[in-house]
Colleague: 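Take this structure first; my questions come after.
This structure is a prediction, so every number in the text was calculated from the model and none was measured. Residue numbers start from 1 in every chain, and the chains themselves are labelled A, B, ... in the order their sequence lines are given, proteins ahead of strands.
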Amino acid sequence: MATVRLSFSPAPVHVRTARLVGVAVARRAGVREDLLDEVRLAIGEACTRAVALHRQYGLADPVLVEMSDGGSYAVRVVDRAPIEAGIGLTALPPDELANESLTDEALTTGVGFALLAGFVEDLQVRPVDEGIGTEVRMVWPVGR
Amino acid sequence: MATVRLSFSPAPVHVRTARLVGVAVARRAGVREDLLDEVRLAIGEACTRAVALHRQYGLADPVLVEMSDGGSYAVRVVDRAPIEAGIGLTALPPDELANESLTDEALTTGVGFALLAGFVEDLQVRPVDEGIGTEVRMVWPVGR
Amino acid sequence: MELSLATRTVGEHTVLEVGGEVDVYTAPRLRERLLELIDGGARHVVVDLGRVDFLDSTGLGVLVGALKRLRTAGGSFALVCDKEPLLKIFRITALDQVFPLHPTVDAAVGADPTGANA
Amino acid sequence: MELSLATRTVGEHTVLEVGGEVDVYTAPRLRERLLELIDGGARHVVVDLGRVDFLDSTGLGVLVGALKRLRTAGGSFALVCDKEPLLKIFRITALDQVFPLHPTVDAAVGADPTGANA
Ligand SMILES: Nc1ncnc2c1ncn2[C@@H]1O[C@H](COP(=O)(O)OP(=O)(O)O)[C@@H](O)[C@H]1O
Ligand SMILES: Nc1ncnc2c1ncn2[C@@H]1O[C@H](COP(=O)(O)OP(=O)(O)O)[C@@H](O)[C@H]1O
(Lines give C-alpha, C1' and ligand atoms only; values in the text may rest on other atoms or scores of the structure.)
(Ligands and ions follow the chains in the order given, each with its own letter.)
Protein backbone atom coordinates (compact mmCIF):
# COMPACT_ATOMS: atom_id res chain seq x y z
CA MET A 1 0.00 0.00 0.00
CA ALA A 2 1.49 3.31 -1.10
CA THR A 3 0.93 6.43 0.91
CA VAL A 4 1.31 10.07 -0.04
CA ARG A 5 1.13 12.72 2.67
CA LEU A 6 0.74 16.42 2.07
CA SER A 7 0.84 18.96 4.85
CA PHE A 8 0.51 22.68 4.39
CA SER A 9 0.32 25.95 6.29
CA PRO A 10 -3.36 26.86 6.70
CA ALA A 11 -3.65 29.25 3.73
CA PRO A 12 -6.38 29.18 1.06
CA VAL A 13 -3.89 28.93 -1.81
CA HIS A 14 -2.68 25.55 -0.58
CA VAL A 15 -6.17 24.10 -0.77
CA ARG A 16 -5.57 24.28 -4.53
CA THR A 17 -2.35 22.32 -4.11
CA ALA A 18 -4.24 19.71 -2.08
CA ARG A 19 -6.91 19.35 -4.79
CA LEU A 20 -4.22 18.99 -7.45
CA VAL A 21 -2.34 16.31 -5.51
CA GLY A 22 -5.49 14.52 -4.37
CA VAL A 23 -6.71 14.13 -7.95
CA ALA A 24 -3.29 13.21 -9.36
CA VAL A 25 -2.82 10.46 -6.78
CA ALA A 26 -6.42 9.27 -7.26
CA ARG A 27 -5.85 8.96 -11.01
CA ARG A 28 -2.63 7.01 -10.45
CA ALA A 29 -4.33 4.81 -7.86
CA GLY A 30 -6.88 3.85 -10.51
CA VAL A 31 -9.96 5.82 -9.43
CA ARG A 32 -12.37 6.03 -12.39
CA GLU A 33 -12.10 9.21 -14.48
CA ASP A 34 -15.76 10.07 -13.92
CA LEU A 35 -15.25 10.11 -10.15
CA LEU A 36 -12.34 12.56 -10.25
CA ASP A 37 -14.55 15.68 -10.20
CA GLU A 38 -16.06 14.43 -6.95
CA VAL A 39 -12.66 13.63 -5.51
CA ARG A 40 -11.48 17.14 -6.41
CA LEU A 41 -14.51 18.79 -4.86
CA ALA A 42 -14.55 16.64 -1.72
CA ILE A 43 -10.85 17.04 -0.94
CA GLY A 44 -11.23 20.76 -1.57
CA GLU A 45 -14.17 21.03 0.82
CA ALA A 46 -12.47 19.04 3.56
CA CYS A 47 -9.33 21.18 3.27
CA THR A 48 -11.27 24.45 3.06
CA ARG A 49 -13.02 23.47 6.27
CA ALA A 50 -9.71 22.60 7.98
CA VAL A 51 -8.06 25.85 6.89
CA ALA A 52 -11.08 27.85 8.11
CA LEU A 53 -10.91 26.13 11.52
CA HIS A 54 -7.17 26.74 11.89
CA ARG A 55 -7.65 30.41 11.05
CA GLN A 56 -10.63 30.73 13.39
CA TYR A 57 -8.56 29.30 16.28
CA GLY A 58 -5.37 31.11 15.27
CA LEU A 59 -3.51 27.83 14.72
CA ALA A 60 -0.37 27.97 12.58
CA ASP A 61 -0.13 24.15 12.60
CA PRO A 62 -0.23 22.52 9.21
CA VAL A 63 -3.29 20.79 7.79
CA LEU A 64 -2.55 17.18 6.85
CA VAL A 65 -3.87 15.27 3.85
CA GLU A 66 -3.03 11.59 3.70
CA MET A 67 -3.79 9.54 0.60
CA SER A 68 -3.39 5.79 0.47
CA ASP A 69 -4.29 3.12 -2.03
CA GLY A 70 -4.73 -0.34 -0.66
CA GLY A 71 -7.64 -1.86 -2.55
CA SER A 72 -9.43 1.48 -2.47
CA TYR A 73 -8.44 5.13 -2.47
CA ALA A 74 -8.63 6.51 1.08
CA VAL A 75 -8.06 10.16 1.90
CA ARG A 76 -7.80 11.60 5.41
CA VAL A 77 -7.87 15.35 6.00
CA VAL A 78 -6.76 16.18 9.52
CA ASP A 79 -7.17 19.48 11.36
CA ARG A 80 -5.90 20.45 14.83
CA ALA A 81 -8.85 22.53 16.02
CA PRO A 82 -10.75 21.87 19.29
CA ILE A 83 -13.19 19.04 18.77
CA GLU A 84 -16.47 20.83 19.51
CA ALA A 85 -15.87 22.93 16.46
CA GLY A 86 -15.24 20.00 14.17
CA ILE A 87 -17.94 17.47 14.76
CA GLY A 88 -21.67 17.89 14.52
CA LEU A 89 -21.86 19.67 11.22
CA THR A 90 -25.31 19.45 9.73
CA ALA A 91 -26.67 20.21 6.30
CA LEU A 92 -29.05 23.18 6.27
CA PRO A 93 -32.62 23.00 4.95
CA PRO A 94 -33.34 25.27 1.93
CA ASP A 95 -35.52 27.74 3.83
CA GLU A 96 -32.65 28.48 6.20
CA LEU A 97 -30.01 28.82 3.49
CA ALA A 98 -31.02 32.32 2.44
CA ASN A 99 -32.18 33.35 5.92
CA GLU A 100 -30.92 36.81 6.83
CA SER A 101 -29.86 35.74 10.32
CA LEU A 102 -27.52 33.03 9.06
CA THR A 103 -23.94 34.29 8.96
CA ASP A 104 -21.89 33.86 5.79
CA GLU A 105 -19.48 31.58 7.66
CA ALA A 106 -22.26 29.33 8.95
CA LEU A 107 -23.79 29.16 5.49
CA THR A 108 -20.50 28.27 3.81
CA THR A 109 -19.81 25.62 6.46
CA GLY A 110 -23.27 24.10 6.05
CA VAL A 111 -23.00 24.09 2.26
CA GLY A 112 -19.52 22.59 2.46
CA PHE A 113 -20.79 19.78 4.60
CA ALA A 114 -23.75 19.19 2.30
CA LEU A 115 -21.30 18.82 -0.60
CA LEU A 116 -19.09 16.39 1.33
CA ALA A 117 -22.04 14.29 2.44
CA GLY A 118 -23.69 14.47 -0.97
CA PHE A 119 -20.66 13.52 -3.05
CA VAL A 120 -18.81 11.06 -0.84
CA GLU A 121 -20.59 7.78 -0.26
CA ASP A 122 -18.04 6.52 2.22
CA LEU A 123 -17.48 9.48 4.56
CA GLN A 124 -16.50 9.63 8.22
CA VAL A 125 -15.90 12.69 10.40
CA ARG A 126 -14.33 11.78 13.73
CA PRO A 127 -11.89 12.93 16.41
CA VAL A 128 -8.25 12.14 15.68
CA ASP A 129 -6.84 9.17 17.58
CA GLU A 130 -4.15 11.21 19.30
CA GLY A 131 -4.20 14.81 20.45
CA ILE A 132 -6.64 17.52 19.45
CA GLY A 133 -8.40 17.65 16.14
CA THR A 134 -10.81 16.11 13.69
CA GLU A 135 -10.27 13.89 10.71
CA VAL A 136 -12.46 13.71 7.63
CA ARG A 137 -12.04 10.29 6.07
CA MET A 138 -13.22 9.61 2.51
CA VAL A 139 -12.95 6.40 0.53
CA TRP A 140 -13.43 5.80 -3.20
CA PRO A 141 -13.30 2.54 -5.10
CA VAL A 142 -10.45 1.90 -7.54
CA GLY A 143 -10.48 0.01 -10.82
CA ARG A 144 -13.20 -0.44 -13.37
CA MET B 1 6.51 31.83 5.61
CA ALA B 2 4.26 29.12 4.21
CA THR B 3 5.43 25.54 4.07
CA VAL B 4 4.13 22.60 2.08
CA ARG B 5 5.42 19.12 2.85
CA LEU B 6 4.94 16.09 0.67
CA SER B 7 6.03 12.64 1.72
CA PHE B 8 5.58 9.52 -0.35
CA SER B 9 6.32 5.82 -0.42
CA PRO B 10 9.49 5.31 -2.48
CA ALA B 11 7.83 4.42 -5.79
CA PRO B 12 8.65 5.93 -9.21
CA VAL B 13 5.06 7.03 -9.85
CA HIS B 14 5.15 9.41 -6.90
CA VAL B 15 8.16 11.23 -8.32
CA ARG B 16 5.61 12.55 -10.82
CA THR B 17 3.40 13.73 -7.97
CA ALA B 18 6.39 15.49 -6.42
CA ARG B 19 7.20 17.28 -9.69
CA LEU B 20 3.58 18.36 -10.03
CA VAL B 21 3.41 19.73 -6.49
CA GLY B 22 6.87 21.28 -6.61
CA VAL B 23 6.01 23.26 -9.73
CA ALA B 24 2.51 24.24 -8.53
CA VAL B 25 3.87 25.58 -5.24
CA ALA B 26 6.74 27.33 -7.05
CA ARG B 27 4.30 29.09 -9.36
CA ARG B 28 2.18 30.18 -6.40
CA ALA B 29 5.27 31.32 -4.52
CA GLY B 30 6.08 33.62 -7.45
CA VAL B 31 8.97 31.79 -9.13
CA ARG B 32 9.35 33.14 -12.68
CA GLU B 33 7.59 31.09 -15.38
CA ASP B 34 10.83 30.59 -17.32
CA LEU B 35 12.44 28.92 -14.29
CA LEU B 36 9.65 26.36 -13.81
CA ASP B 37 11.11 23.82 -16.27
CA GLU B 38 14.29 23.80 -14.19
CA VAL B 39 12.33 23.48 -10.96
CA ARG B 40 10.42 20.54 -12.44
CA LEU B 41 13.56 18.80 -13.62
CA ALA B 42 15.57 19.44 -10.45
CA ILE B 43 12.86 18.28 -8.03
CA GLY B 44 12.35 15.24 -10.25
CA GLU B 45 16.06 14.39 -10.21
CA ALA B 46 16.36 14.83 -6.46
CA CYS B 47 13.33 12.60 -5.86
CA THR B 48 14.40 10.00 -8.42
CA ARG B 49 17.73 9.78 -6.61
CA ALA B 50 16.00 9.44 -3.21
CA VAL B 51 13.63 6.74 -4.46
CA ALA B 52 16.55 4.82 -6.02
CA LEU B 53 18.46 4.94 -2.72
CA HIS B 54 15.48 3.74 -0.67
CA ARG B 55 14.95 0.87 -3.10
CA GLN B 56 18.65 -0.02 -3.11
CA TYR B 57 18.68 -0.21 0.70
CA GLY B 58 15.24 -1.82 0.95
CA LEU B 59 13.81 1.11 2.90
CA ALA B 60 10.02 1.49 2.99
CA ASP B 61 10.34 4.89 4.70
CA PRO B 62 8.80 7.78 2.83
CA VAL B 63 10.81 10.31 0.88
CA LEU B 64 10.14 13.85 2.09
CA VAL B 65 9.88 16.98 -0.04
CA GLU B 66 9.58 20.26 1.84
CA MET B 67 8.80 23.47 0.00
CA SER B 68 8.87 26.86 1.67
CA ASP B 69 8.61 30.40 0.47
CA GLY B 70 10.15 33.03 2.68
CA GLY B 71 11.75 35.56 0.35
CA SER B 72 12.85 32.75 -1.94
CA TYR B 73 11.55 29.31 -2.92
CA ALA B 74 13.46 26.64 -1.00
CA VAL B 75 12.97 22.93 -1.60
CA ARG B 76 14.46 20.15 0.51
CA VAL B 77 14.35 16.54 -0.66
CA VAL B 78 15.22 14.19 2.17
CA ASP B 79 16.11 10.50 1.95
CA ARG B 80 16.82 8.04 4.77
CA ALA B 81 19.63 6.05 3.18
CA PRO B 82 23.04 5.54 4.83
CA ILE B 83 25.15 8.60 4.30
CA GLU B 84 28.09 7.14 2.36
CA ALA B 85 25.68 6.42 -0.45
CA GLY B 86 24.27 9.89 -0.60
CA ILE B 87 27.15 12.28 -0.55
CA GLY B 88 30.08 12.53 -2.90
CA LEU B 89 28.24 12.26 -6.18
CA THR B 90 30.31 13.54 -9.02
CA ALA B 91 29.50 14.47 -12.57
CA LEU B 92 31.10 12.13 -15.09
CA PRO B 93 33.36 13.31 -17.91
CA PRO B 94 32.02 12.61 -21.45
CA ASP B 95 34.57 9.90 -22.25
CA GLU B 96 33.36 7.87 -19.28
CA LEU B 97 29.65 8.32 -19.99
CA ALA B 98 29.50 5.75 -22.77
CA ASN B 99 32.21 3.55 -21.29
CA GLU B 100 31.26 -0.12 -21.36
CA SER B 101 32.37 -0.72 -17.80
CA LEU B 102 30.06 1.92 -16.34
CA THR B 103 26.87 0.35 -15.02
CA ASP B 104 23.51 1.77 -16.06
CA GLU B 105 22.80 2.75 -12.45
CA ALA B 106 26.09 4.59 -12.06
CA LEU B 107 25.53 6.36 -15.34
CA THR B 108 22.02 7.45 -14.43
CA THR B 109 23.20 8.65 -11.02
CA GLY B 110 26.04 10.63 -12.55
CA VAL B 111 23.79 12.17 -15.19
CA GLY B 112 21.19 13.00 -12.54
CA PHE B 113 23.74 14.79 -10.48
CA ALA B 114 25.05 16.66 -13.52
CA LEU B 115 21.50 17.87 -14.18
CA LEU B 116 21.02 18.99 -10.57
CA ALA B 117 24.34 20.79 -10.47
CA GLY B 118 23.84 22.28 -13.92
CA PHE B 119 20.33 23.58 -13.43
CA VAL B 120 20.31 24.65 -9.78
CA GLU B 121 22.52 27.59 -8.97
CA ASP B 122 21.89 27.39 -5.24
CA LEU B 123 22.32 23.66 -4.46
CA GLN B 124 23.47 21.88 -1.32
CA VAL B 125 23.75 18.15 -0.67
CA ARG B 126 24.38 17.37 3.00
CA PRO B 127 23.62 14.91 5.82
CA VAL B 128 20.30 15.46 7.56
CA ASP B 129 20.55 17.17 10.96
CA GLU B 130 18.96 14.29 12.80
CA GLY B 131 19.14 10.57 12.13
CA ILE B 132 20.29 8.85 8.96
CA GLY B 133 19.94 10.35 5.53
CA THR B 134 20.84 13.05 3.09
CA GLU B 135 19.07 16.21 2.10
CA VAL B 136 19.25 17.92 -1.26
CA ARG B 137 18.51 21.61 -0.77
CA MET B 138 17.66 23.85 -3.71
CA VAL B 139 16.77 27.52 -3.69
CA TRP B 140 15.24 29.67 -6.44
CA PRO B 141 14.52 33.38 -6.41
CA VAL B 142 10.91 34.59 -6.39
CA GLY B 143 9.40 37.66 -8.04
CA ARG B 144 10.37 39.52 -11.19
CA MET C 1 -7.76 27.97 -13.97
CA GLU C 2 -7.54 31.53 -12.66
CA LEU C 3 -10.65 33.52 -11.86
CA SER C 4 -11.86 35.80 -14.63
CA LEU C 5 -14.56 38.46 -14.18
CA ALA C 6 -16.20 40.55 -16.90
CA THR C 7 -19.21 42.83 -16.58
CA ARG C 8 -21.67 43.94 -19.24
CA THR C 9 -25.11 45.53 -19.29
CA VAL C 10 -28.22 44.00 -20.88
CA GLY C 11 -31.11 46.46 -20.51
CA GLU C 12 -31.71 46.95 -16.80
CA HIS C 13 -29.53 43.97 -15.97
CA THR C 14 -25.90 43.84 -15.02
CA VAL C 15 -24.39 40.58 -16.24
CA LEU C 16 -21.24 39.35 -14.51
CA GLU C 17 -19.45 36.65 -16.49
CA VAL C 18 -17.35 34.45 -14.26
CA GLY C 19 -14.70 32.04 -15.52
CA GLY C 20 -12.11 29.73 -14.01
CA GLU C 21 -12.04 28.42 -10.46
CA VAL C 22 -14.20 30.02 -7.79
CA ASP C 23 -12.89 28.61 -4.55
CA VAL C 24 -11.64 29.55 -1.10
CA TYR C 25 -8.69 31.29 -2.76
CA THR C 26 -10.54 33.35 -5.38
CA ALA C 27 -14.02 33.78 -3.84
CA PRO C 28 -12.98 36.98 -2.01
CA ARG C 29 -12.35 38.63 -5.39
CA LEU C 30 -15.81 37.59 -6.60
CA ARG C 31 -17.36 38.97 -3.39
CA GLU C 32 -15.52 42.26 -3.86
CA ARG C 33 -16.68 42.64 -7.45
CA LEU C 34 -20.31 41.88 -6.55
CA LEU C 35 -20.20 44.42 -3.73
CA GLU C 36 -18.73 47.04 -6.08
CA LEU C 37 -21.54 46.42 -8.55
CA ILE C 38 -24.28 46.58 -5.92
CA ASP C 39 -22.75 49.59 -4.17
CA GLY C 40 -22.46 51.20 -7.59
CA GLY C 41 -26.23 50.95 -8.03
CA ALA C 42 -26.75 47.65 -9.87
CA ARG C 43 -30.10 46.23 -8.76
CA HIS C 44 -30.73 43.41 -11.23
CA VAL C 45 -27.70 41.19 -11.33
CA VAL C 46 -27.21 38.04 -13.41
CA VAL C 47 -24.10 35.96 -12.73
CA ASP C 48 -23.15 33.83 -15.73
CA LEU C 49 -21.31 30.72 -14.51
CA GLY C 50 -20.92 29.36 -18.05
CA ARG C 51 -17.13 29.35 -18.00
CA VAL C 52 -16.66 28.27 -14.40
CA ASP C 53 -14.53 25.13 -14.09
CA PHE C 54 -14.77 24.71 -10.37
CA LEU C 55 -17.10 26.08 -7.71
CA ASP C 56 -16.90 25.24 -4.03
CA SER C 57 -18.83 26.12 -0.86
CA THR C 58 -16.97 29.41 -0.45
CA GLY C 59 -18.06 30.51 -3.93
CA LEU C 60 -21.63 29.42 -3.23
CA GLY C 61 -21.52 31.40 0.03
CA VAL C 62 -20.52 34.54 -1.86
CA LEU C 63 -23.41 34.06 -4.31
CA VAL C 64 -25.90 33.65 -1.45
CA GLY C 65 -24.49 36.81 0.14
CA ALA C 66 -25.17 38.79 -3.06
CA LEU C 67 -28.68 37.34 -3.32
CA LYS C 68 -29.52 38.45 0.23
CA ARG C 69 -28.07 41.90 -0.27
CA LEU C 70 -30.05 42.51 -3.47
CA ARG C 71 -33.24 41.16 -1.94
CA THR C 72 -32.85 43.62 0.92
CA ALA C 73 -32.26 46.41 -1.59
CA GLY C 74 -35.39 45.46 -3.53
CA GLY C 75 -33.39 44.10 -6.46
CA SER C 76 -33.07 40.72 -8.15
CA PHE C 77 -30.33 38.12 -8.52
CA ALA C 78 -30.16 35.16 -10.91
CA LEU C 79 -27.61 32.62 -12.08
CA VAL C 80 -26.88 31.25 -15.54
CA CYS C 81 -25.66 27.68 -15.58
CA ASP C 82 -26.18 24.81 -17.99
CA LYS C 83 -23.45 22.33 -17.10
CA GLU C 84 -24.67 19.20 -15.40
CA PRO C 85 -21.79 18.89 -12.87
CA LEU C 86 -22.47 22.43 -11.68
CA LEU C 87 -26.24 21.92 -11.55
CA LYS C 88 -25.62 18.84 -9.42
CA ILE C 89 -23.77 21.01 -6.91
CA PHE C 90 -26.83 23.28 -6.65
CA ARG C 91 -29.15 20.32 -6.24
CA ILE C 92 -27.05 18.60 -3.57
CA THR C 93 -26.85 21.77 -1.47
CA ALA C 94 -30.58 22.57 -2.06
CA LEU C 95 -29.41 25.92 -3.42
CA ASP C 96 -31.37 25.19 -6.60
CA GLN C 97 -34.37 26.10 -4.44
CA VAL C 98 -32.78 29.38 -3.40
CA PHE C 99 -31.41 30.77 -6.67
CA PRO C 100 -33.26 31.38 -9.91
CA LEU C 101 -31.19 29.20 -12.27
CA HIS C 102 -31.35 29.69 -16.04
CA PRO C 103 -29.66 27.94 -18.97
CA THR C 104 -28.83 31.21 -20.81
CA VAL C 105 -28.40 34.91 -20.08
CA ASP C 106 -31.41 35.67 -22.32
CA ALA C 107 -33.57 33.31 -20.29
CA ALA C 108 -32.37 34.88 -17.04
CA VAL C 109 -33.07 38.43 -18.26
CA GLY C 110 -36.42 37.46 -19.77
CA ALA C 111 -37.57 35.57 -16.68
CA ASP C 112 -36.93 38.46 -14.32
CA PRO C 113 -40.26 40.36 -13.99
CA THR C 114 -38.56 43.55 -12.80
CA GLY C 115 -36.21 43.51 -15.73
CA ALA C 116 -38.93 42.64 -18.23
CA ASN C 117 -41.13 45.51 -17.01
CA ALA C 118 -38.35 48.06 -17.01
CA MET D 1 1.85 13.41 -20.48
CA GLU D 2 1.89 9.64 -20.86
CA LEU D 3 4.66 7.94 -22.78
CA SER D 4 3.90 7.19 -26.42
CA LEU D 5 6.06 4.97 -28.62
CA ALA D 6 5.69 4.43 -32.38
CA THR D 7 8.06 2.62 -34.70
CA ARG D 8 8.53 3.05 -38.44
CA THR D 9 11.17 2.08 -40.98
CA VAL D 10 13.10 4.50 -43.18
CA GLY D 11 15.38 2.51 -45.50
CA GLU D 12 17.85 0.61 -43.31
CA HIS D 13 16.83 2.67 -40.28
CA THR D 14 14.35 1.93 -37.59
CA VAL D 15 12.85 5.18 -36.32
CA LEU D 16 11.31 5.16 -32.84
CA GLU D 17 9.10 8.19 -32.23
CA VAL D 18 8.83 8.97 -28.54
CA GLY D 19 6.26 11.32 -27.03
CA GLY D 20 5.21 12.44 -23.56
CA GLU D 21 7.24 12.13 -20.39
CA VAL D 22 10.27 9.87 -20.26
CA ASP D 23 11.12 9.63 -16.59
CA VAL D 24 11.82 7.18 -13.78
CA TYR D 25 8.25 5.90 -14.13
CA THR D 26 8.11 5.39 -17.91
CA ALA D 27 11.77 4.83 -18.82
CA PRO D 28 11.49 1.04 -18.25
CA ARG D 29 8.95 0.88 -21.08
CA LEU D 30 11.29 2.76 -23.39
CA ARG D 31 14.14 0.40 -22.45
CA GLU D 32 11.94 -2.61 -23.16
CA ARG D 33 10.93 -1.32 -26.58
CA LEU D 34 14.51 -0.54 -27.56
CA LEU D 35 15.61 -4.02 -26.47
CA GLU D 36 12.79 -5.57 -28.50
CA LEU D 37 13.87 -3.64 -31.57
CA ILE D 38 17.55 -4.53 -31.16
CA ASP D 39 16.83 -8.16 -30.30
CA GLY D 40 14.53 -8.22 -33.33
CA GLY D 41 17.47 -7.33 -35.58
CA ALA D 42 17.33 -3.54 -35.84
CA ARG D 43 20.92 -2.28 -36.25
CA HIS D 44 20.46 1.37 -37.25
CA VAL D 45 18.17 3.03 -34.76
CA VAL D 46 17.04 6.65 -34.71
CA VAL D 47 15.09 7.85 -31.69
CA ASP D 48 12.96 10.88 -32.48
CA LEU D 49 12.48 12.94 -29.32
CA GLY D 50 10.41 15.59 -31.13
CA ARG D 51 7.30 15.08 -29.06
CA VAL D 52 8.99 14.50 -25.70
CA ASP D 53 7.78 16.94 -23.01
CA PHE D 54 10.04 15.78 -20.24
CA LEU D 55 13.24 13.75 -20.13
CA ASP D 56 15.18 12.96 -16.98
CA SER D 57 18.37 11.11 -16.05
CA THR D 58 16.61 7.73 -16.13
CA GLY D 59 15.51 8.34 -19.71
CA LEU D 60 18.99 9.48 -20.65
CA GLY D 61 20.39 6.34 -19.04
CA VAL D 62 18.15 4.18 -21.20
CA LEU D 63 19.31 5.98 -24.35
CA VAL D 64 22.97 5.49 -23.42
CA GLY D 65 22.23 1.80 -22.81
CA ALA D 66 20.83 1.44 -26.32
CA LEU D 67 23.80 3.29 -27.81
CA LYS D 68 26.27 0.93 -26.12
CA ARG D 69 24.36 -2.15 -27.15
CA LEU D 70 24.19 -1.11 -30.80
CA ARG D 71 27.83 -0.13 -30.84
CA THR D 72 28.75 -3.57 -29.54
CA ALA D 73 26.55 -5.12 -32.23
CA GLY D 74 28.23 -3.06 -34.94
CA GLY D 75 25.15 -0.88 -35.46
CA SER D 76 24.41 2.81 -35.13
CA PHE D 77 22.27 4.96 -32.85
CA ALA D 78 21.22 8.58 -33.28
CA LEU D 79 18.80 11.04 -31.71
CA VAL D 80 16.49 13.61 -33.29
CA CYS D 81 15.92 16.68 -31.18
CA ASP D 82 15.43 20.35 -32.05
CA LYS D 83 13.97 21.85 -28.86
CA GLU D 84 16.32 24.13 -26.98
CA PRO D 85 15.33 22.98 -23.45
CA LEU D 86 16.05 19.37 -24.41
CA LEU D 87 19.32 20.28 -26.14
CA LYS D 88 20.34 22.08 -22.97
CA ILE D 89 19.89 18.84 -21.03
CA PHE D 90 22.26 17.09 -23.42
CA ARG D 91 24.81 19.89 -23.15
CA ILE D 92 24.71 20.04 -19.35
CA THR D 93 25.27 16.31 -19.03
CA ALA D 94 27.93 16.31 -21.77
CA LEU D 95 25.82 13.70 -23.55
CA ASP D 96 25.83 15.95 -26.63
CA GLN D 97 29.39 14.61 -27.03
CA VAL D 98 28.20 11.01 -26.79
CA PHE D 99 25.11 10.95 -29.02
CA PRO D 100 24.83 11.97 -32.66
CA LEU D 101 22.11 14.66 -32.36
CA HIS D 102 20.15 15.80 -35.42
CA PRO D 103 17.39 18.37 -35.92
CA THR D 104 15.29 16.09 -38.17
CA VAL D 105 14.86 12.40 -38.94
CA ASP D 106 16.04 13.04 -42.51
CA ALA D 107 19.23 14.60 -41.21
CA ALA D 108 19.78 11.67 -38.84
CA VAL D 109 19.26 9.07 -41.56
CA GLY D 110 21.36 11.00 -44.07
CA ALA D 111 24.23 11.56 -41.63
CA ASP D 112 24.59 7.89 -40.76
CA PRO D 113 27.28 6.50 -43.11
CA THR D 114 26.07 2.93 -42.69
CA GLY D 115 22.54 3.94 -43.50
CA ALA D 116 23.54 6.17 -46.41
CA ASN D 117 25.59 3.40 -47.97
CA ALA D 118 22.89 0.78 -47.51
N1 LIG E 1 -17.03 21.50 -8.63
C2 LIG E 1 -17.30 21.96 -9.86
N3 LIG E 1 -17.78 23.18 -10.00
C4 LIG E 1 -18.02 23.68 -11.23
N5 LIG E 1 -17.81 23.04 -12.36
C6 LIG E 1 -17.33 21.81 -12.27
C7 LIG E 1 -17.08 21.19 -11.03
N8 LIG E 1 -16.62 19.95 -11.28
C9 LIG E 1 -16.61 19.83 -12.61
N10 LIG E 1 -17.03 20.94 -13.22
C11 LIG E 1 -17.09 21.27 -14.64
O12 LIG E 1 -18.03 20.50 -15.27
C13 LIG E 1 -17.63 20.23 -16.58
C14 LIG E 1 -17.52 18.76 -16.75
O15 LIG E 1 -18.18 18.55 -17.88
P16 LIG E 1 -18.31 17.10 -18.36
O17 LIG E 1 -17.07 16.32 -18.00
O18 LIG E 1 -18.74 17.22 -19.77
O19 LIG E 1 -19.47 16.56 -17.40
P20 LIG E 1 -20.80 15.90 -17.87
O21 LIG E 1 -20.33 14.75 -18.71
O22 LIG E 1 -21.47 15.47 -16.59
O23 LIG E 1 -21.52 16.99 -18.62
C24 LIG E 1 -16.31 20.90 -16.78
O25 LIG E 1 -16.42 22.18 -17.32
C26 LIG E 1 -15.81 20.98 -15.37
O27 LIG E 1 -14.82 21.92 -15.29
N1 LIG F 1 13.22 18.25 -18.86
C2 LIG F 1 12.73 18.38 -20.10
N3 LIG F 1 12.88 17.38 -20.96
C4 LIG F 1 12.37 17.48 -22.20
N5 LIG F 1 11.67 18.51 -22.66
C6 LIG F 1 11.49 19.53 -21.83
C7 LIG F 1 12.01 19.53 -20.51
N8 LIG F 1 11.66 20.69 -19.94
C9 LIG F 1 10.95 21.35 -20.88
N10 LIG F 1 10.84 20.66 -22.00
C11 LIG F 1 10.10 20.97 -23.22
O12 LIG F 1 10.64 22.05 -23.86
C13 LIG F 1 9.64 22.77 -24.51
C14 LIG F 1 9.62 24.15 -23.95
O15 LIG F 1 9.65 24.91 -25.05
P16 LIG F 1 9.64 26.45 -24.87
O17 LIG F 1 8.89 26.83 -23.63
O18 LIG F 1 9.25 26.99 -26.19
O19 LIG F 1 11.19 26.70 -24.53
P20 LIG F 1 12.13 27.64 -25.32
O21 LIG F 1 11.44 28.96 -25.23
O22 LIG F 1 13.42 27.56 -24.53
O23 LIG F 1 12.22 27.06 -26.70
C24 LIG F 1 8.34 22.08 -24.23
O25 LIG F 1 8.00 21.18 -25.23
C26 LIG F 1 8.66 21.39 -22.94
O27 LIG F 1 7.77 20.38 -22.73
Colleague: Can you classify the ring geometry of D:F99 versus D:F90 as parallel (below 30°), tilted (30 to 60°) or perpendicular (above 60°)?
Modeller: perpendicular
Colleague: Between D:D56 and D:T58, do the side chains contain a donor N or O and an acceptor N or O under 3.5 Å apart?
Modeller: yes
Colleague: Under a 4.0 Å N-O cut-off, is there an ion pair linking D:E84 with D:R91?
Modeller: yes
Colleague: Between B:E105 and chain D, which part of the residue has a heavy atom less than 4.5 Å away: side chain, backbone, both or neither?
Modeller: neither
Colleague: Would you mind checking which part of D:R71 comes under 4.5 Å of any heavy atom in chain B, side chain (CB onward), backbone (N, CA, C, O), both or neither?
Modeller: side chain
Colleague: Let me know if B:V15 has heavy atoms under 4.5 Å from chain D in its side chain, its backbone, both or neither.
Modeller: side chain
Colleague: Would you call B:R40 and D:E21 a salt bridge, taking side-chain N to carboxylate O under 4.0 Å as the test?
Modeller: no
